[in-house]
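Throughout, a chain's letter reflects where its sequence line sits, starting with A, and its residues are numbered from 1. All of these numbers come straight from a predicted model, not from anything done at the bench.
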Amino acid sequence: MPELPEVETIVRNLRAPCVGQRIERATVKWKRHVAMPGAAQFIRRIAGQTVLGITRRGKYLVFQLSEDVLLIHLKMSGDLTVVSAATPPDKHAHTVFHFGNGHELRFSDTRKFGRVYLARRADDVTGSLGPEPLDDSFTAQSLAYILQSRRRALKPLLLDQTVIAGVGNIYADESLHRARLHPLRLSHTLAAAEARALWRSLRYTLNQAIRNQGSSIDRVYRQGQHQYHFRAYDRAGQPCPACGAAIRRIVVGGRGTHYCPHCQRL
DNA sequence: AGCGTCACCCGGACGC
DNA sequence: TGCGTCCGGGTGACGC
């Protein structure tokens with residue numbers, strides 16, 4: 001569930017308690033949590049490294065350490081918290097980083113989809129990701145070019161991390177609704193004004209969600225408020241905020257997809 | 001290139 | 001109440 005706005009919020013919250021801390025050791029309770037390198041090597045290599053900074057790339061958290069880069073993908077149900085080592089253990093905390101100051105960073109993940117990576121460079125893991133939609137370099141023209149250079153339905157295209165990084169099911173539906181574009185519309189058929197509308201709605205939707213500290217659904221991610229601002233996502237049968245028509249739910253590429261049949265014509 | 005399908009997981013919803 | 005079953009969702013692998 002955590003998409004770009006949720007990951008961005010977590011990154012901002014983790015900086016104060018993590019940056020400058022030395023990782024004395026890591027505990028891996030579930031070895032498959034470590035995607036790269038093997039769990040044993042991960043534990044050996046990370047010990048003694050200091051957290052120099054935390055950034056985000058797509059849906060990955062990127063911890064710059066003194067020697068390596070630690071990347072964490074939360075997938076569906078992952079969450080990261082910094083607590084005192086005295087805090088009662090969490091049965092879903094499959095990987096724990098023990099800091100020198102008596103606190104620990106816990107990667108808690110009920111559904112066990114999330115993964116941690118230790119690499120020399122972030123690119124070793126995130127190299128295939130598409131552009132960051134909120135970067136200054138991601139212009140309306142860049143999006144128009146992406147849309148023109150493929151012939152693909154908008155919904156799966158927005159979800160493809162190698163095309164644009166960080167957009168998931170919620171913000172794909174919300175952006176398409178705001179841009180008044182049908183999720184099955186083929187990318188290369190968009191007029192310049194429509195591509196610009198999608199660019200604007202993507203940036204607006206993501207920025208607004210970051211301002212609301214992301215969306216909390218499925219009890220997975222708790223701090224967000226953006227779920228109260230959904231216009232289409234998870235609102236099947238409820239009125240479209242723009243026209244009042246009932247929001248419809250279809251399945252596109254196996255993913256639940258919500259849109260307004262009146263505002264978003266094919 | 002793009003699409004469909006499966007696998008990975010488990011909590012929650014649903015049906016009986 | 002309790003049990004069995006299904007679903008969802010991010011992504012990578014794989015086949016068409």
Would you mind telling me which of [options] lies closest to the side-chain atoms of [X]?
X	options	result
A:H92	B:dG11, B:dC9, C:dG9	B:dG11
A:Q161	B:dC8, C:dT11, C:dG9	C:dT11
A:K59	C:dT11, B:dC8, C:dG8	C:dT11
A:T110	C:dT11, B:dG11, B:dC9	B:dG11
A:K112	B:dC8, B:dC10, B:dG2	B:dC10

OP1, OP2 of [N] versus side-chain N and O of [X]: anything below 4.0 Å?
X	N	answer
A:K75	C:dG12	no
A:R32	B:dC9	yes
A:Y233	C:dG9	yes
A:R249	C:dG8	yes

Rounded to the nearest 0.5 Å, what separates atom CD1 in A:I210 from atom CD in A:Q213?
11.0 Å
[X] with [Y]: basic N within carboxylate O range, under 4.0 Å:
X	Y	result
A:D68	A:R45	yes
A:K112	A:D109	no
A:E174	A:R178	no
A:E132	A:R57	yes

Send over the distance from [X] [atom1] to [N] [atom2], rounded to a whole Å.
X	N	atom1	atom2	answer
A:R57	C:dT11	CZ	P	12 Å
A:D173	C:dG9	CG	C1'	13 Å
A:H73	B:dC9	NE2	C1'	15 Å
A:E3	C:dG9	CD	C1'	10 Å
A:D79	C:dG9	CG	C1'	17 Å
A:R111	B:dA7	CZ	P	19 Å
A:K91	B:dC9	NZ	P	16 Å
A:L74	B:dC9	CG	P	17 Å

Please check if the number of heavy atoms outside A:H262 that lie under 6.0 Å from its NE2 is greater than 12.
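At most 12 heavy atoms, drawn from other residues, nucleotides or ligands, come within 6.0 Å of this atom.
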Verify the neighbour count for atom CZ of A:R151: are there more than 12 heavy atoms of other residues, nucleotides or ligands below 6.0 Å?
no
Identify which one of A:K155, A:R249, A:R231 satisfies the salt bridge (charged side-chain N to carboxylate O under 4.0 Å, His left out) criterion when paired with A:D173.
A:K155
Specify the closest pair of heavy atoms between A:V82 and A:C18, including all atoms of both residues, with the distance to one decimal.
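Between these two residues, the closest heavy atoms are CG2-SG, 3.7 Å.
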Near DNA chain B, counting only heavy atoms under 4.0 Å, which residues of residues 151-159 of chain A show up?
A:R151, A:R152, A:A153
What does A:G256 touch in the nucleic acid at a heavy-atom separation under 4.0 angstrom: a base, only the sugar-phosphate, or nothing?
sugar-phosphate
For the helix from B:dG2-C:dC16 to B:dC16-C:dG2, what is the angle between the axes at its two ends, each from 5 pairs, rounded to 10°?
50°
Side chain proximity check, A:I10 to A:D79, heavy atoms < 4.5 angstrom
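They are in side-chain contact.
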